[in-house]
Protein chains: 2
Amino acid sequence: MSDHEQQPLPPTSRQSGDALPPVEQHAQQYETVRNAHETELIEDYVELIGDLLRHRGEARAADIASRMAVSQATVSKMIRRLNELGLVTSRPYRSLFLTEEGQRMAETSRARHDIVLHFLRALGVRDTTARIDAEGMEHHVSDETLTIMQRFTESHQP
Amino acid sequence: MSDHEQQPLPPTSRQSGDALPPVEQHAQQYETVRNAHETELIEDYVELIGDLLRHRGEARAADIASRMAVSQATVSKMIRRLNELGLVTSRPYRSLFLTEEGQRMAETSRARHDIVLHFLRALGVRDTTARIDAEGMEHHVSDETLTIMQRFTESHQP
DNA sequence: AATAATTGTTAGCAAAGGCTAAACTATTTG
DNA sequence: CAAATAGTTTAGCCTTTGCTAACAATTATT
């Protein structure tokens, strides 16, 4: 073949045609995203259960199903998984509750979610859009970026 | 039962304990995220193939495998899918190429990716972190937010 | 040219996350 | 309190995205 030498990356950035990152770094980017995807759904469930408990006092499978726009069967299966993971406790036909660990996860997720949402609003994004974007983005924002977003939000609303 | 009335949502926002959005809106948030997930991987492949073609002149399955940190078998299977979707053309043991449609998709993805990446850097996020975050975030940023990010970036680097 | 190394493909397996249909339990209502 | 309605669970199926192992083809080396 040919073209397999490592191009000597320019110091830090360029405009549109940013050079390809070195293989290991590139690989790590994708790996991070894949890992995030594995926990993402779990976190969404736990976060939603936490929200329902907080705002309604109970979290029923049916509510989760309609709020997630998914069938009840899917929710039921997922709850079994959350159970196995030690995140929720459930008795058949009763409301769900979060374990200690579940509560911690819900708390963390909600905090991230809020930071991203408030940041987007502070940036000037409309509320509805901000909510949709935040839902998708929250699992892909590093702690570093989160901190920066938080500072930004604070300094942009009196 | 009880708690099933719709709380009269406060005007628009609150601090940390933001009220639950109405069911339909909430459902739509999750649906949007699920839909994004379906196209995400496809877009990542197409974008990477575009980048490889642009920077190296060719895109081989082996390169994709190492840059994505997945097995060659996985890449091979994926290429078949991209083929069926009419996004790439491939002849065994030859470099891949993008179809017209593939090129459009690669172009769009790269543009989004760049906007998010440059925005994060302009915000003050370190390069390595920015790259990881951008990779995860790019598929979840609406056009509205993208436009805002772009404007922000422009006005924050002389 | 023969062999070694690299690259690509195929087959078969597993886990995740959806779905529908059917069965079961609980709650509400006539 | 019996019947109807609403909520929950289970079974069985499908698709996607990964993997490993075995095999095939191409390219590089000696």
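Please read all numbers here as calculations on a predicted model, not as lab measurements. In what follows, chains carry the letters A, B, and so on, assigned in the order in which the sequence lines appear, proteins first and then strands, with residues in each chain numbered from 1.
- D:dG18 atom C1' lies 15 Å from atom CG of B:Asp44, rounded to whole Å.
- Near-neighbour residues of DNA chain C inside residues 28-39 of chain B, defined by a heavy atom below 4.0 Å, number-ordered: B:Arg34.
- Legend: residues meeting side chain to side chain donor-acceptor pair (under 3.5 Å) with B:Ser142, ordered by chain and number and at least two apart, are A:Asp133, B:Thr145.
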Under 3.5 Å, which protein N or O atoms sit close to an N or O of nucleotides 1-5 of chain D? Give each pair with its distance.
none

Taking only nitrogen or oxygen atoms into account, show me every contact under 3.5 Å that the protein makes with nucleotides 23-26 of chain D, one pair per line with its distance.
{"unit_1": "D:dA24", "atom_1": "N3", "unit_2": "B:Tyr93", "atom_2": "OH", "d": "3.3"}
{"unit_1": "D:dA25", "atom_1": "O4'", "unit_2": "B:Tyr93", "atom_2": "OH", "d": "3.2"}

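- For the atom pair CD of A:Gln28 and CZ of B:Arg67, the computed distance is 13.5 Å after rounding to the nearest 0.5 Å.
- What separates CD of B:Glu58 from C1' of C:dT7 is a distance of 12 Å, to the nearest Å.
- Residues of residues 69-84 of chain A that place a heavy atom closer than 4.0 Å to DNA chain C, in numerical order, are A:Val70, A:Ser71, A:Ala73, A:Thr74, A:Lys77, A:Met78, A:Arg81.
- A:His118 places a side-chain N or O within donor-acceptor distance of the main-chain N or O of A:Asp114, the cut-off being under 3.5 Å.
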Under 3.5 Å, which donor-acceptor pairs link side chains of residues 72-87 of chain B to any protein atom two or more places apart or in another chain?
{"unit_1": "B:Thr74", "atom_1": "OG1", "unit_2": "B:Ser71", "atom_2": "OG", "d": "3.0"}
{"unit_1": "B:Asn83", "atom_1": "ND2", "unit_2": "B:Ser90", "atom_2": "OG", "d": "2.7"}

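- Under the 4.5 Å side-chain heavy-atom criterion for Ile, Leu, Val, Met, Phe, Trp and Tyr, A:Tyr30 and B:Leu117 are members of distinct hydrophobic clusters.
- Under the 3.5 Å distance criterion, the side-chain polar atoms of B:Arg126 are left unmatched by any main-chain donor or acceptor of A:Glu144.
- The main-chain N or O of B:Ala106 is never found under 3.5 Å from a side-chain atom of B:Ser109 such that the two would form a donor-acceptor pair.
- By the side chain to side chain donor-acceptor pair (under 3.5 Å) test, A:Glu107 pairs with A:Arg110, sequence neighbours left out.
- Connectivity analysis of hydrophobic side chains (ILVMFWY, heavy atoms under 4.5 Å, direct or indirect) links A:Met137 to A:Ile115, A:Val116, A:Phe119, A:Leu120, A:Leu123, A:Val125, A:Val141, A:Leu146, A:Ile148, A:Met149, A:Phe152, B:Ile115, B:Val116, B:Phe119, B:Leu120, B:Leu123, B:Val125, B:Met137, B:Val141, B:Leu146, B:Ile148, B:Met149, B:Phe152.
- Remark: C1' of C:dT6 and CG of B:Asp63 are 12 Å apart, rounded to the nearest angstrom.
- From A:Gln25, atom CD reaches atom OG1 of B:Thr128 across 5.5 Å, with rounding to the nearest 0.5 Å.
- The phosphate of D:dT8 has OP1 or OP2 within less than 4.0 Å of a side-chain N or O from A:Arg60.
- Put simply, the side chain of A:Leu53 does not reach to within 4.5 Å of the side chain of A:Leu96, judged on heavy atoms.
- Per the geometry, CD1 belonging to A:Ile64 stands 15 Å off P belonging to C:dG17, to the nearest Å.
- Clustering of Ile, Leu, Val, Met, Phe, Trp and Tyr side chains at separations under 4.5 Å leaves B:Ile132 isolated, with no partner residue.
- The stretch residues 26-52 of chain B participates, sequence neighbours left out, in these salt bridge (charged side-chain N to carboxylate O under 4.0 Å, His left out) pairs: B:Asp51-B:Arg54.
- In this structure, the CD atom of B:Glu40 is 13 Å from the C1' atom of D:dT17, given to the nearest Å.
- Here C:dG17 presents its P atom at 11 Å from CE of A:Met68, a figure rounded to the nearest Å.
- Smallest separation of non-hydrogen atoms from B:Ala27 and A:Ser66: CB-O, 3.6 Å.
- A rotation axis mapping the C1' atoms of four pairs onto the next four is fitted at both ends of the helix from C:dA1-D:dT30 to C:dG30-D:dC1 over five pairs, and the angle between these axes is 10° to 10 degrees.
- By the side chain to side chain donor-acceptor pair (under 3.5 Å) test, B:Glu138 pairs with B:His113, sequence neighbours left out.
- We find the CG-CD distance between A:Asp143 and A:Gln150 to be 11.0 Å, quoted to the nearest 0.5 Å.
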